[in-house]
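So the structure is just underneath, and the comments pick up after that.
Counting convention: from 1, in listed order, for ligands and their atoms alike. The figures that follow rest on heavy atoms only: side chains count, while hydrogens, waters and symmetry mates do not.
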Amino acid sequence: MKCAKRIVLFTLFAMKLVDQPAPEVKIEQGILSGKVSPDGSFFEYLGIPYATTNSSTRFKAPLPPPSWEGVFKATDETYQCPQTTLVGTLGTEDCLKINVYVPAKARKPRPVMVFIHGGTFVIGNGGKGLYGPEFLMRQDVILVTFNYRLGVLGFLCLGIKEAPGNAGLKDQIAALRWVQKNIAAFGGDPENVTIFGLSAGAVSVSILLASKSTDGLFNKAIIQSGVSTASWAINRQPLFTATLIAKELGYNTTDPKEIYDLFSKIDYKNLIAATPIKPEGKYFDFQLLNYPCVENVIEGEEAVITDLPYNLLEKFNMNVSIMFGTTSKEGLMLLAYDTEESLKERDDKYIFAPDLEFKSEEEAEYYSNVVKKVYFGEEKISFKVRDMIHQLYTHMYFEMPNLLETELVLNTTPASVYNYYFNYSGGRNFLKYINGYRNESGACHADELMYVFKGLAWPFPISKRDQVMVDRMTEMFANFAKYGDPTPSTSELPIKWEPSTKQEIKLLYIDEELKMGPIPNPKYYRLWKDIYSKYRKRDKVNDFKT
Ligand SMILES: *[C@@H]1O[C@H](CO)[C@@H](O)[C@H](O)[C@H]1NC(C)=O
Ligand SMILES: *[C@@H]1O[C@H](CO)[C@@H](O)[C@H](O)[C@H]1NC(C)=O
Ligand SMILES: *[C@@H]1O[C@H](CO)[C@@H](O)[C@H](O)[C@H]1NC(C)=O
Ligand SMILES: *[C@@H]1O[C@H](CO)[C@@H](O)[C@H](O)[C@H]1NC(C)=O
Ligand SMILES: *[C@@H]1O[C@H](CO)[C@@H](O)[C@H](O)[C@H]1NC(C)=O
Ligand SMILES: *[C@@H]1O[C@H](CO)[C@@H](O)[C@H](O)[C@H]1NC(C)=O
């Protein structure tokens, strides 16, 4: 019956009647109609409410989604959560919408890939601007994207019942529960769900792996350039962040209850616009951003995490296959924000983030100088040594945390773990272009994204060479989602991607050519591993009372 309907739709498409409604889907909330993609190859259901939030649930887990009578037209994906942009504050508070893309070819149940968008937990949405589905649709998987609350609305963390923290992550969990409940109606297999994300999205995936609230919601995970055990993933001073926002609004208080009272009454637009002004060079000083936090245990509240992800992942024993990856020049993105001033500031103070704890100021100074010497020799940190600066950023914030987290989960998981190192440079390395580094070799942070998604924001013709990379990336990702193995025996890819083992991390080097290799930059890796194994801070995480 459904099949016949699809054939009819194809015929309609052949008659050039585009924008046809996609087959109706019935879920518990009601009946949905979507539309057929312009080329007729997939159906899209956009902007479906998966949970509710408004001023009464601000800063807390969302409420269940609404139901409706009649047919809900799921064709509008322009929703996004409130955020500050170049053109002012955009978005609406009731922003918890999910998009489902379904290949039109009948074959089911299909594996499901759920993408969690990035944007430092303050900007972004799940829409087609960046996350166009066309490439993945050719791989016969269902793609799901969605919005979650951002900034102070998603991550105000005061350690009290009214604002326990991580509301944005609770939205993500609500979206995954929605998928479990409803994806079969779209032809998806709820037992074959892969979550994936990049940057803040990857931190989210990594936290969801560490969380006890996510059992049974997914069975594979792809973590692209960001992990929850990185120095910038968790805000250890969430009360300080909140007091800075209060100050912006004209209030001088450090009392969580007072801050909550103030933030809950103010219009969401004014609240989201009140970002504490970041001093130069503090781009990654996360206590100035609203980031995930370690929650207090609060009666009646379902926490996402109540301990540091490192401590949780150390005991990680979910049977979930994981793929970890980073790019060769992640740090270019951060270098783009540097000025001579900010570099001088880095040179003057010690280099580490507050996820390290030394016995004394002298010891911290000593290790900071060791790191500076290894990267810069006798040079001062300035644009003269720019290549070493972005290399330091690449290592410290992305590559090394990613490898160390790989080792951590390899210790306990029975499932396979894969690693990649993306070094390809082509016409779709969009962040490298946007940040003004188009002549730089290798790949900047997020540069693999446009080889997985056909973002509307990057509408340029795709070269033959880049198309090969698109096909390879999407095939490997989809194979991983289907089989837990990016290059199964049925694959025609010119490589066998071997999983890492407890004894050895093995990486697929993704470039013009695909090849397996050992850890890149072993000298730096040993340095960071040594420092983190001795000085990683594992307790006393928050600046509010527990
Ligand atoms: C918030 O949403 C809930 C559930 O839909 C509703 O019951 C409540 O009245 C709403 N509150 C406000 C302030 O809009
Ligand atoms: C803020 O409040 C504290 C404690 O009440 C007080 O010591 C401080 O002077 C106040 N700061 C400003 C700028 O009013
Ligand atoms: C882990 O999951 C895989 C695939 O779903 C299964 O074959 C295997 O038996 C599971 N292993 C354990 C230890 O549960
Ligand atoms: C890149 O290189 C080309 C050719 O050498 C040069 O014309 C262009 O200005 C360079 N662009 C940047 C952003 O450095
Ligand atoms: C990355 O690509 C650049 C430019 O092609 C090359 O010089 C470099 O060796 C590559 N890095 C690795 C680790 O393969
Ligand atoms: C996931 O989907 C793939 C492709 O349809 C299928 O081969 C595989 O058996 C499924 N895996 C599970 C665990 O259901």
Neighbouring residues of ligand 6, heavy-atom cut-off under 4.0 Å: R107, P111, D189, N192, K482, Y483

How about T327 and D447: does a side-chain donor come under 3.5 Å of a side-chain acceptor? no

Give every residue pair that meets the ring pair (Phe, Tyr, Trp, His ring centres under 6.0 Å) criterion with at least one member in residues 96-116, sequence neighbours excluded. F115-Y131, F115-F196, F115-F453

Would you check, one step at a time, whether the test salt bridge (Lys or Arg N to Asp or Glu O under 4.0 Å) holds for K128 with E44? CA-CA 11 Å; K128 290 188 224 167; E44 50 186 44; 2.9 Å; yes

Run the side chain to side chain donor-acceptor pair (under 3.5 Å) test against E407 and tell me which residues pass, sequence neighbours left out. Y525, K529

Between F155 and Y291, is the gap from one ring center to the other below 6.0 Å? no

The criterion is side chain to side chain contact (heavy atoms under 4.5 Å, CB included); which residues satisfy it with P111, sequence neighbours excluded? V141, N192, K482

